[in-house]
Amino acid sequence: MTPIDLRSDTVTLPTPEMREAMAQAPVGDDVYGEDPSVNTLQAMAATMLGKEAGLFVPSGTMGNLASILAHCTRGDEIILGNLAHTFLYEAGGIAALGGVHPHTIPNQPDGTLDPEDIRAAIRGDDAHFPPTRLITLENTHNRCGGAPLSVEYTRSIGELAAEHGLILHLDGARIFNAAAALGVSPAELAAPVDSLTFCLSKGLCAPVGSVICGSQEFIRKAHRIRKQLGGGMRQAGILAAAGIVALEKVVPRLAEDHQRARNLASGLAALPGVVLDPGTPQSNMVYLTLGNGITHDAREVAGLLKEKGVLVGVTGKRRFRLVAHYWIDDKAVQQTVAAFEEVLQAQS
Ligand SMILES: *Cc1c(COP(=O)(O)O)cnc(C)c1O
């Protein structure tokens with residue numbers, strides 16, 4: 001039996017249409033700029049995000065790294081949330097490879113950064129201080145429940161950045177989920193930022209890849225850095241072909257995942273022993289905690305669920321993350337609720 005895998009949307013397998021497109025993709029040497037599929041993907045992505053140009057990169061981590069390195073020089077400081085993916089989960093690459101100094105401020109529960117905290121973090125012109133260069137936001141915010149950041153909020157931070165001569169970068173790994181959750185276009189969400197990264201390999205089902213978008217000049221710099229980082233790929237159109245299908249066919253259906261996440265949350269909410277995060281799900285992620293009556297911890301409960309064919313993400317001693325995605329259908333949602341019910345009943 002294939003397990004119901006709710007650990008993440010990174011586990012999504014390519015769709016049959018993607019495999020077909022990959023097999024048929026026109027390709028060339030992308031380091032020479034001659035891969036037609038990569039060029040198509042980059043142009044499509046730039047158009048959808050309302051930016052001048054796009055750059056295909058192997059991962060979201062490289063997308064954020066190449067973007068930040070393109071904007072900053074060694075010794076520059078960037079302001080980002082203490083729960084930002086770039087701060088927590090990208091192996092410290094900006095510091096290790098770019099000499100960029102991270103200045104973290106608290107993420108609010110809704111994924112935002114408080115403008116007053118940002119203002120307080122911006123350095124004055126003093127030889128003791130690293131120069132502040134850039135602010136990073138994350139949308140949707142993974143560690144803050146998959147919360148989408150609104151157009152209005154993003155715009156306000158864009159204005160704050162401009163006021164202080166700072167660059168605004170967006171880790172938009174799940175920007176298409178944010179757009180679907182808010183009912184706005186991705187270009188509206190991206191308009192206030194100078195650059196952004198989004199992932200093709202999460203809820204969009206592509207096997208590999210992310211795209212950076214921004215101005216021509218920024219993309220030219222990021223292109224050289226991608227090469228420095230070893231991310232120059234040759235017949236990468238095989239991968240880009242899946243990305244094109246992702247943008248054309250998977251983006252328009254993301255609201256279905258959000259609906260299934262809501263169905264999953266309401267099914268689980270009815271079970272004793274489950275405490276949902278307030279407001280969950282905000283997009284495709286359901287966050288929950290085990291109630292006091294449950295003696296097992298999250299790892300043990302996850303082990304019991306696994307025996308029933310359900311895989312869940314353990315994000316704390318008593319916490320889980322469940323992510324709805326392309327391969328989670330209505331039946332999988334029902335089976336997941338049933339598996340939780342059986343496991344938790346045996347517990348209390
Ligand atoms: C997954 C993710 C990334 C990095 O993407 P990889 O392709 O796994 O390197 C960056 N930011 C956020 C918010 C993510 O969820």
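Order of listing sets the numbers, starting from 1, for every ligand and every atom in it. Quick caveat: nothing in here was measured; it's all calculated off a predicted structure. Residues take their numbers from the sequence shown, with the count starting at 1.
- Minimum heavy-atom separation, S210 to T197: CB-CG2, 4.3 Å.
- In terms of polar-atom proximity, T140 is not counted as a contact of ligand 1, lacking any N or O under 3.5 Å from an N or O of the ligand.
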Taking it one step at a time, do T15 and Y326 satisfy side chain to side chain contact (heavy atoms under 4.5 Å, CB included)? CA-CA 9 Å; T15 66; Y326 186 91; 3.4 Å; yes
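- When only non-hydrogen protein atoms are considered, atom 9 (O) of ligand 1 lies nearest to T61 OG1, 2.6 Å.
- At the shortest separation from atom 14 (C) of ligand 1 among protein heavy atoms lies K202 NZ, 2.7 Å.
- Residue contacts with ligand 1, taken as heavy atom pairs separated by less than 4.0 Å, do not involve T197 at all.
- Environment of CZ in R234: crowded, with over 12 heavy atoms of neighbouring residues, nucleotides or ligands closer than 6.0 Å.
- Proximity to E90 (heavy-atom distance under 4.0 Å) selects the following atoms of ligand 1: 10 (C), 11 (N).
- Ranking the protein heavy atoms by distance from atom 6 (P) of ligand 1 puts G60 N, 3.5 Å first.
- The N/O atoms of S201, backbone and side chain alike, include none that comes under 3.5 Å of an N/O atom in ligand 1.
- The shortest N/O to N/O separation between C199 and ligand 1 does not fall below 3.5 Å.
- Contact annotation for S59 and ligand 1: heavy atoms of both the backbone and the side chain come within less than 4.0 Å of the ligand.
- A side-chain donor-acceptor contact under 3.5 Å links T86 and E90.
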Kindly indicate, with the supporting measurements, whether the criterion side chain to side chain contact (heavy atoms under 4.5 Å, CB included) is fulfilled by L137 and Y153. CA-CA 10 Å; L137 297 175; Y153 173 75; 4.0 Å; yes
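- Of the listed residues (T136, T140, T61, N64), just one forms a side-chain hydrogen bond (donor to acceptor under 3.5 Å, both in side chains) with D171, and that residue is N64.
- For ligand 1, the atoms sitting less than 4.0 Å from at least one non-hydrogen atom of N64 are 10 (C), numbered in the order shown with element in parentheses.
- Looking at S210 next to ligand 1, no N or O pair under 3.5 Å apart turns up.
- No option in R319, K317, R318 other than K317 meets the salt bridge (charged side-chain N to carboxylate O under 4.0 Å, His left out) test with D297.
- Nearest protein heavy-atom contact of atom 11 (N) of ligand 1 is D171 OD2, 2.6 Å.
- Summarising the local packing, CG of D126 is surrounded by more than 12 heavy atoms from other residues, nucleotides or ligands at distances under 6.0 Å.
- In summary, the side chains of D330 and Q334 do not present any donor paired with an acceptor at a separation below 3.5 Å, with no hydrogens or angles considered.
- Residue contacts with ligand 1 do not include T86, since none of its heavy atoms lies under 4.0 Å from the ligand.
- In terms of polar-atom proximity, defined here as any N/O pair under 3.5 Å, E138 makes no such contact with ligand 1.
- With respect to R119 and E163, a salt bridge is recorded, a charged nitrogen being found less than 4.0 Å from a carboxylate O.
- Heavy-atom proximity to atom 3 (C) of ligand 1, evaluated over H85, R174, H141, R143, is greatest for H85.
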